Amino acid sequence: MADTHLAQMFFDRARSGGSEAAYLVRQGATFTEIDWKTAADRVQAIASGVLKEIPLAEGTCVTIMANTRVEWILCDFALLSLGLRTVPVYVSLLPPEIGYLHADTAAELLIVENREMLEKVRSTRDGFNFYDKQYEGSRIKLRRAIVIDPTGLAPADDWESLEQVESRGRAALSETQAERDRRMAAIKRTDVATYTYTSGTTGEPKGVIQTHNNMLSILENVADAQLFTDRAKIGGAFLFLPLAHSFGRMVEFGGAFYTTKVVLSSIATVAEDLGMARPGFFPAAPRVFERVYGKIMTGIASAPAVRQKLFHWAIGVGKQTIPYRQNNKPLPFALRLQFGVADKLVLSKIRGKLGMDRMHALMSGSAPLPREVAEFFASAGLVILEAYGLTETCPGLTTNRFDDWRIGTVGPAIKGVQLQLAPDGEILAKGPNVVSGYLNRPDATADAWDEDGWFHTGDIGELDPDGHLRITDRKKDLIKTSGGKYVAPQKIEALLKTKPILSEAVVIGDNRKYCVALVTVDKEKLAAWAQRTGSSPDLQGEAVKKEVQGYLEEANKGLASFETIKYFRVIDEEFSVENGLLTASFKVKRKAVSAKYKDLIDSMYIGKEKDKVE
């Protein structure tokens, strides 16, 4: 029988999971297991504690602002079980955007990690300005904050610790049982579960209205992708992605839905935690795979010549196997022997060093994965299943499968999803996991959903004869040169970001005569390059500029003349959330980059020929 709502799903799976591990939490040098029964007991206690002292009407919004940790998940299920609507908040957001999310949802309760984050929320009570609009402090409706780690917080009437809530709730379990049961029974599959906000790359973030049905539908229909298999369960699903991101949230809910333990990690400790936990399912954004690839290639470049030769031979052999493996065809006898030797000598050691020796599935989403990176991992016996979706699709529309994968595509549609391409190539979608609109934004809703119910994704794509979708670019990011030619910047940027010392690239050229690029340099890779080559690491020095120019010349060889990069500039600082050039989900804010570096960009269009990339 189909699940009715997310909280019921969690408790049902917890009963069947019993004493099996539900979550692995890092404590010091080891991971500690939390079993399903313990997790469910804590969820009940949190729900009881909230109900006992902070009576909130069903449908009330509660924000959760914390790093990825088990308390985030337990609070989420506890609040959902009370018929409340949870609102994830990125911890990296600045106070004005935090204030906007609270004002937009009229949230009355906040779950927050620590003192520093609480202070950011408190600062919005005095009012704030967001996208040139002034918000009065009275727009913030918060009644109370529950703090996960209250270290350093002075006692105050506006907060209490999660430990206090759990303790109170545990003592009141019998007293609150009837009301908790009533609320659980009243939740319908069509009810709103959560408002998840988009990144806000071009304007105010939009609160995506996600129902229990939307979330459960994607979990039910993604089964044919075979991500949460028995093999994946051995090591568990590795979760370091922010839970404010729909991709991370899917892993949270998917772990419960498929009774698969979730290994909780953080961006800072990913590499170390992978080695310790050796998970079976690893979902990540492309930049994680790009960084792993970059570090491996930087390390190999400094290795002895014999080791380099063996490494590149083994990867080359692995690459030869890809066409056969993609089409489920047996390897020719000679290639099978070579691949076996390459795997034993090199490839298995790569997997072991990465903590991926028992990996079942790698998944990449949220941005394009460079072909060079995908081919490297596949050559090493680690197929990255590239998938596609948006917050509005909770978050899936397509995914590659183990028996049906194509590098350079995001796979065919997930079960239950309908896709079609508009005349201009925009991807349109329907399905039970596709939401119906945005909170308090009828204008944006009308823009994104047409009268026939198709969701307009804003992405441009094409379907191959086998139904695999290929994303070419964001519709709003397409560059139209003054000569009338359309250029897809993401394709070019993906080519550049995999280069040895680069970390980010932004192509510019809209309404201009030609395309130019701003690039940033990875300081760690730069230091290794400088040591290996004896070159100066000065970002504005001739050695670095010559290196980058070489990258651009190489990239230009595969581009049409109107797409080629004519000039470039190296930026002194890397893009970050803190400097306002990346969103909380690490997408480049193109408008912000263009505005900040306007003079630098203009300099590439005003009589500059001596540094032209040929």
Side-chain angles (χ1 to χ4, degrees), residues 1-18 22-23 34-64 66 69-88 105 107-111 143-144 146 148 160 162-196 209-216 219 243 249-250 252-259 262 394:
M1 187 173 70
D3 294 295
T4 305
H5 55 84
L6 291 164
Q8 162 267 311
M9 178 273 292
F10 169 79
F11 285 121
D12 281 359
R13 302 307 191 277
R15 277 190 288 273
S16 65
Y23 303 102
I34 297 175
D35 63 45
W36 286 104
K37 183 181 184 305
T38 300
D41 288 347
R42 289 192 65 185
V43 168
Q44 294 278 26
I46 294 168
S48 176
V50 169
L51 199 60
K52 174 69 176 172
E53 290 293 332
I54 320 168
L56 300 173
E58 288 147 289
T60 299
C61 290
V62 181
T63 48
I64 307 179
R69 53 189 299 162
V70 72
E71 291 87 354
W72 203 115
I73 296 172
L74 301 180
C75 287
D76 194 17
F77 282 120
L79 297 164
L80 290 171
S81 75
L82 296 175
L84 303 173
R85 300 173 181 179
T86 53
V87 183
T105 58
E108 295 184 25
L109 178 65
L110 164 70
I111 310 295
R143 296 164 52 185
R144 185 83 64 87
I146 296 174
I148 296 170
E160 63 180 327
L162 178 61
E163 184 179 8
Q164 289 174 297
V165 174
E166 275 195 71
S167 178
R168 177 176 68 231
R170 201 168 285 111
L173 283 172
S174 297
E175 180 184 345
T176 62
Q177 184 73 59
E179 177 61 7
R180 285 186 288 115
D181 289 347
R182 184 197 68 77
R183 289 190 175 220
M184 276 277 288
I187 303 170
K188 300 187 292 295
R189 185 162 169 136
T190 53
D191 286 348
V192 175
T194 183
Y195 297 121
T196 302
I209 304 170
Q210 298 174 327
T211 67
H212 291 272
N213 181 58
N214 294 144
M215 291 295 193
L216 289 169
L219 297 173
L243 285 162
R249 204 81 177 282
M250 189 193 79
E252 172 202 348
F253 293 144
F257 188 88
Y258 290 99
T259 327
V262 174
C394 299

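The model shown is predicted, which means the values in this text are computed figures rather than measured ones.
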Atom pair [atom1] ([X]) and [atom2] ([Y]), whose distance is rounded to the nearest 0.5 Å:
| X | Y | atom1 | atom2 | value |
| --- | --- | --- | --- | --- |
| K188 | T211 | NZ | OG1 | 11.5 Å |
| L219 | Y258 | CG | OH | 6.5 Å |
| K52 | L173 | NZ | CG | 11.5 Å |
| N214 | T190 | CG | OG1 | 10.0 Å |

Atom of [X], atom of [Y] and distance for their closest heavy-atom approach:
| X | Y | value |
| --- | --- | --- |
| T63 | A107 | CG2-CB, 3.8 Å |
| F253 | M9 | O-CE, 3.9 Å |
| G169 | S48 | O-OG, 2.8 Å |
| A186 | E58 | CB-OE2, 4.1 Å |
| S81 | M184 | O-CG, 3.5 Å |
| G17 | W36 | CA-CD1, 3.5 Å |

Fill in: salt bridge (charged side-chain N to carboxylate O under 4.0 Å, His left out) against E179, all qualifying residues, sequence neighbours excluded
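For E179 the salt bridge (charged side-chain N to carboxylate O under 4.0 Å, His left out) partners, ignoring immediate neighbours, are R182, R183.
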Is there side-chain contact between [X] and [Y], with heavy atoms separated by less than 4.5 Å?
| X | Y | result |
| --- | --- | --- |
| R15 | D12 | yes |
| R180 | Q44 | yes |
| L109 | L56 | yes |
| I46 | C75 | yes |
| I148 | W72 | no |
| E166 | L74 | no |
| E252 | V262 | no |
| I64 | L79 | yes |

Worksheet item: Would R144 and E53 pass as an ion pair if we require N to O under 4.0 Å?
Response: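 Salt bridge between R144 and E53, a charged N being under 4.0 Å from a carboxylate O: no.
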Discussion item. What verdict does the side chain to side chain donor-acceptor pair (under 3.5 Å) test give for T86 and R249, after you've listed the backbone C-alpha separation in whole Å, the side-chain angles of each residue and the deciding distance to 0.1 Å?
Written reply: CA-CA 12 Å; T86 53; R249 204 81 177 282; 2.9 Å; yes
Worksheet item: Once the angle between the rings of H212 and H5 is folded into 0 to 90°, is it parallel (under 30°), tilted (30 to 60°) or perpendicular (over 60°)?
Response: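 Because their plane-to-plane angle is over 60°, the rings of H212 and H5 count as perpendicular.
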Mark yes or no for whether [X], through its side chain, and [Y], through its backbone, hold a donor-acceptor pair below 3.5 Å.
| X | Y | answer |
| --- | --- | --- |
| R13 | F257 | yes |
| Y23 | R69 | no |
| R143 | E108 | no |
| D181 | A178 | no |

Item to complete: Would you sort out whether T4 and I187 count as a side chain to side chain contact (heavy atoms under 4.5 Å, CB included), showing the intermediate values?
Response: CA-CA 8 Å; T4 305; I187 303 170; over 6 Å; no
Worksheet entry | Residue that, paired with V62, satisfies side-chain contact (heavy atoms from CB on, under 4.5 Å) out of L84, L82, D76 |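 The option that passes is L84.
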Item to complete: Please step through side chain to side chain contact (heavy atoms under 4.5 Å, CB included) for the pair F11 and V43, ending with a clear verdict.
Response: CA-CA 9 Å; F11 285 121; V43 168; 3.5 Å; yes
Worksheet item: Going through the checks in order, is the side chain to side chain contact (heavy atoms under 4.5 Å, CB included) test met by F10 and L80?
Response: CA-CA 10 Å; F10 169 79; L80 290 171; over 6 Å; no
Item to complete: Determine, stepwise, if the pair T38 / D41 fulfils side chain to side chain donor-acceptor pair (under 3.5 Å).
Response: CA-CA 5 Å; T38 300; D41 288 347; 5.6 Å; no
Worksheet item: So does Q177 have more than 12 non-hydrogen atoms from other groups sitting under 6.0 Å from CD?
Response: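 More than 12 within 6.0 Å, yes.
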Practice prompt. Step by step, work out the side chain to side chain contact (heavy atoms under 4.5 Å, CB included) result for I146 and V50.
Written response: CA-CA 9 Å; I146 296 174; V50 169; 4.1 Å; yes
